[in-house]
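The figures here come from the full heavy-atom set of this structure, side chains too, leaving out hydrogens, waters and symmetry mates.
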Amino acid sequence: MGLDDIMISFAVSVGAGIATNLIEDIRSNKNLDARMNKCFNNALKKWEVSQETRNNLHSESLNFYSDLAVFLSNPAKGINPKIKELLHLWIKEIQNDEICANYIISHKQDVANCKLNDVLVSLKNDILTTINIIAERQENMLKKQDDMMEFLQTQMQALTKDETIDQAKKLIAILRGSIAELIEDLKLTTVRRVIEEIELQYASVIENNQELRSEIAYIKGLTLLFSQSPKAIELFHEAYIIRPDVPNYMQMEVRRCLAKCDYETARKLSEELGDERYKIIVDIVSSNNSASAFAVIPENIKRDMEVRQIMLESLVVKKDANCAFLFDCEDIDLPESLKMSNIYQWLFLLSKIRCETGDFIVLSFNASQIDNLKSAQKAVNLFWKKLEETEIKGNFYLIACLHSYWNFVCTQDKSWADSFLSIDRTNLAHLKKCVD
């Protein structure tokens, strides 16, 4: 019986109320009792269900297991994925508590002696399979990150050994080669790890080379773009201050000025940049009648969804700005991939869908209204699936809400409602509503 197997057997047996001797033994030890309860309650806090469901199972003592047993004793409810999720979370908390974990290991024979019925055996096997799948995914992801780190470290070690190599130029080549590929694939956590390693090993080289210093600031900004946007903006500005003639830095500086409603500086920068798209973006955002100004711009720029998304982000900071005109366009095909180079297209399309569905608030479950959401459900599910292949999934709280809510409306599966209610919506406090 492996360690995971022991932990799962314990959780299922005690949860089902068939391990009375273990429960009594735990209750007799106040410290252990408290720690077991703390593990369970920590798991409850992470469980993605409604607060009411959590409260029903929250208790000061192990009597909450009798409530859990009600679920597990019913074949239909016992295999409920939300219950499996709770037990899985509880097992993880127990494994992280040395005293609790050691207690279960020392009583593994008592755990093994608990006789499980067919339903509980199935549940136990399902949880073990889930844990193995998650562990395999995490292992594969970490292996890919470690392989990339090893490859880059090998390249960096070569810089140290060969004194004839211009270290700054070689580092810049790495940043614009291997690192740029990782950024395009939205492997931003891996990029942060690599940059930290580079900064640690080559601090003096970076300090003495403006091109390298600015490029690292810019890349660090990209890695925080979807998780800590204010910090990202600071880093982009830092890169621009160091080298104000680099087009990528200038673009981000224009956007920073638009966010501050500093249209005069933004216009001057866009003219220096010489990019027609950014000149038009500044003209539209700064106009007193953005809709009319947008109507007469070239068609090829109108069709650029990245341009529309930048305009949208810049307009929402203006008082009483109307952004609805941006969504007045033909249906657009969903991109086949999710990359840094097309993520703004994705974000605009999802914003457009929000506008068309009334900002995802559904007042009834009538068929016509649900049918209108089918395309929205398809789009957000595809985006969410593609996010799984990146390292930025945890940064999109609003889209997580859309994902759960639209699936709930279209399927009327209560687990999606529980998922929606479990999202910490305090993370949305800084988001402004784009469409009135």
Starting at CH2 of Trp384, measure out to CG of Leu338 and round the result to the nearest 0.5 Å. 11.5 Å
Using residues 339-348 as the side-chain source, report each donor-acceptor pair under 3.5 Å to any protein atom, sequence neighbours left out, with the distance given to one decimal.
from, atom 1, to, atom 2, distance (Å)
Lys339, NZ, Asp185, OD1, 2.6
Ser341, OG, Glu184, OE2, 2.6
Asn342, OD1, Lys339, N, 2.8
Asn342, ND2, Ser337, O, 3.0
Tyr344, OH, Arg255, NH2, 3.0
Trp346, NE1, Ser337, O, 2.9

Are Leu382 and Lys378 packed together at the side-chain level, in the sense that at least one heavy-atom pair is separated by less than 4.5 angstrom? no
Calculate, to the nearest 0.5 Å, the distance between atoms CG and CG belonging to Leu175 and Leu212 respectively. 6.0 Å
Would you list the pairs meeting ring-ring contact (aromatic ring centres under 6.0 Å, His included) in which at least one residue belongs to residues 256-315, sequence neighbours left out? Phe294-Phe325
Interatomic spacing from NE2 in His403 to CZ in Phe383 - rounded to 0.5 Å: 11.0 Å
Atom pair CZ (Arg354) and OG (Ser351), whose distance is rounded to the nearest 0.5 Å: 6.0 Å
Residues which pass side chain to side chain contact (heavy atoms under 4.5 Å, CB included) with Ser292, listed by chain and number, not counting sequence neighbours: Asn289
Contacts of type side chain to side chain contact (heavy atoms under 4.5 Å, CB included), residue Ala217, not counting sequence neighbours: Glu238, Ala239
Stepwise side-chain contact (heavy atoms from CB on, under 4.5 Å) check, Arg192 with Leu224: CA-CA 9 Å; Arg192 279 198 295 273; Leu224 298 175; 4.0 Å; yes
For Glu215, is there an ion pair with Arg176 - N to carboxylate O distance below 4.0 angstrom? yes
Within a reach of under 6.0 Å around CG of Asn381, are more than 12 heavy atoms found that belong to other residues, nucleotides or ligands? yes
To the nearest 0.5 Å, tell me how far Cys39 SG sits from Gln95 CD. 10.5 Å
Can Phe236 and Tyr218 be said to form a ring-ring contact (aromatic ring centres under 6.0 Å, His included), step by step? CA-CA 5 Å; Phe236 293 141; Tyr218 178 73; 5.4 Å; yes
If you measure from the Lys or Arg side-chain nitrogens to the Asp or Glu carboxylate oxygens, is any gap between Glu299 and Lys302 under 4.0 Å? yes
Please report the interatomic distance CG(Leu326) to CE(Met305), rounded to the nearest 0.5 Å. 9.5 Å
With Gln309 via side-chain hydrogen bond (donor to acceptor under 3.5 Å, both in side chains) - residues at least two apart: Glu313
Show the nearest heavy-atom pair for residues Cys257 and Thr265, with the distance to one decimal. SG-CG2, 3.7 Å
Salt-bridge test for Lys385 and Glu388: reply yes if a basic N is under 4.0 Å from a carboxylate O, no otherwise. no
Passing option when Ile281 is tested against Leu258, Ile297, Val254, Ile301 for side-chain contact (heavy atoms from CB on, under 4.5 Å): Leu258
Please examine the side chains of Arg277 and Glu306, heavy atoms only from C-beta on, and report whether any two atoms are closer than 4.5 Å. yes
So, using side chain to side chain contact (heavy atoms under 4.5 Å, CB included) as the criterion, who are the partners of Ala295 when residues are at least two apart? none
